[in-house]
Amino acid sequence: MAAGKGSRMGTPKVLRRVNDGTSLLSHHLRALAAVDPAEILVVLGAGAHQAQSLIPEGVKTILNLDHAMAMGRSLQTGLRAVDPHSNVAVVTLVDLTDTPAEIYPRLIENATDGVLARCTWGSVPGHPVMFGRNWISRAIDACGGDSGAKRLFREASDSVTLIEGGDLLTPGANGPFDVDTPAQAAARGINLPERNDGRP
């Protein structure tokens, strides 16, 4: 999901880049592509027009016209666009820069239509999360505000599969850490402005 306005950041997060020039969006798309999913969906909102140039061929974009209504609406938009024949939907956020690519194969190893899973980082719950086909409609109903599907994970805690990824983090990285302010961005090396040369 990459629809947020980034009001505390001063610019939509989807347009930010790390120090080597790679966009945050490209960082995640490359990691997701490595597990060969049937389809990758990117939920865009604020900055969608500029972000389109960052989307590679074969990746489907979904526009959340209500992105100002908080993250829950973006999650609903994305989950409603999932192919109903897919076994699972894996969800991640564009501002989680420390997410290691190796976590996705661990999730996919647990992919069934009845799974409800989330990653933990040193036992701290975070993203990515995974919804089996049997949970998607319930996840859509549970979304609200900036809490996303937290209510569903809380109410169905006995059914949640936890996937630990703390051992995959590089020294100093924090898996659940999201980037909301310019100071946090600078600490993560993503304080560069967006480029206009079409570079992904």
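These numbers come from a predicted model, not from an experiment.
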Inset, instruction - Answer yes or no: is there a side-chain heavy-atom contact under 4.5 Å between T61 and Q52? - result: yes
Legend entry - Side-chain touch R138/L152, heavy atoms, less than 4.5 angstrom: yes
Inset, instruction - Report yes if some heavy atom in the side chain of L116 is under 4.5 Å from a heavy atom in the side chain of V129; otherwise report no. - result: no
Inset, instruction - Report the distance from atom SG of C119 to atom CG of L168, rounding to the nearest 0.5 Å. - result: 9.0 Å
Legend entry - Sole candidate of V42, V94, L24, L54 that passes side chain to side chain contact (heavy atoms under 4.5 Å, CB included) when paired with L29: V42
Inset, instruction - Compare every heavy atom of I103 with every heavy atom of G165, then report the nearest pair and how far apart it is. - result: CA-CD1, 3.7 Å
Inset, instruction - For the residue pair W121 and D98, establish whether any side-chain heavy-atom pair is separated by less than 4.5 Å. - result: no
Inset, instruction - Output all residues satisfying salt bridge (Lys or Arg N to Asp or Glu O under 4.0 Å) with E102, sequence neighbours left out; order by chain, then residue number. - result: none
Legend entry - salt_bridge(D141, R151) N-O dist < 4.0 Å: no
Inset, instruction - Apply the test side-chain contact (heavy atoms from CB on, under 4.5 Å) to residues L79 and F131: give CA-CA distance (whole Å), side-chain angles for both, the deciding distance (0.1 Å), then the verdict. - result: CA-CA 9 Å; L79 290 176; F131 303 99; 4.0 Å; yes
Inset, instruction - For side-chain contact (heavy atoms from CB on, under 4.5 Å), just list the numbers for L63 and T77, CA-CA rounded to whole Å, side-chain angles, deciding distance to a tenth of an Å, and then say yes or no. - result: CA-CA 8 Å; L63 184 61; T77 300; over 6 Å; no
Inset, instruction - Carefully, step by step, assess R133 and V88 under the rule side-chain contact (heavy atoms from CB on, under 4.5 Å). - result: CA-CA 5 Å; R133 180 170 54 212; V88 298; over 6 Å; no
Legend entry - Distance-minimising heavy-atom pair for K60 and I62: CE-CD1, 3.6 Å
Legend entry - Residues N64 and S74: side-chain donor-acceptor under 3.5 angstrom: yes
Legend entry - Shortest non-hydrogen contact between W135 and G114, atoms and distance: NE1-O, 3.0 Å
Legend entry - Contacts of E39 that satisfy side chain to side chain donor-acceptor pair (under 3.5 Å) - sequence neighbours left out: none
Inset, instruction - Could you tell me the separation between the OG atom of S157 and the CZ atom of R118, rounded to the nearest 0.5 Å? - result: 11.0 Å
Inset, instruction - Report yes if some heavy atom in the side chain of E155 is under 4.5 Å from a heavy atom in the side chain of K150; otherwise report no. - result: no
Legend entry - Closest contact, heavy atoms only, P128 versus T92: CG-OG1, 4.1 Å
Legend entry - pair V82-I136: side-chain heavy atoms closer than 4.5 Å: yes
Legend entry - Donor-acceptor contact below 3.5 Å, side chain H127 vs main chain V91: no
Legend entry - With T120 via side chain to side chain donor-acceptor pair (under 3.5 Å) - residues at least two apart: E164
Legend entry - Test side chain to side chain donor-acceptor pair (under 3.5 Å) applied to D83 - qualifying residues, sequence neighbours left out: none
Inset, instruction - List for me each residue that meets side chain to side chain donor-acceptor pair (under 3.5 Å) alongside D36, sequence neighbours excluded, and say none if there are none. - result: none
Legend entry - With sequence neighbours excluded, residues passing ring-ring contact (aromatic ring centres under 6.0 Å, His included) with Y104: none
Legend entry - Closest contact, heavy atoms only, R106 versus I163: CB-CG2, 3.7 Å
Inset, instruction - Indicate the atoms forming the closest heavy-atom contact of A51 with L44, along with that distance. - result: CB-CD2, 4.0 Å
Legend entry - Side chain proximity check, I140 to L75, heavy atoms < 4.5 angstrom: no
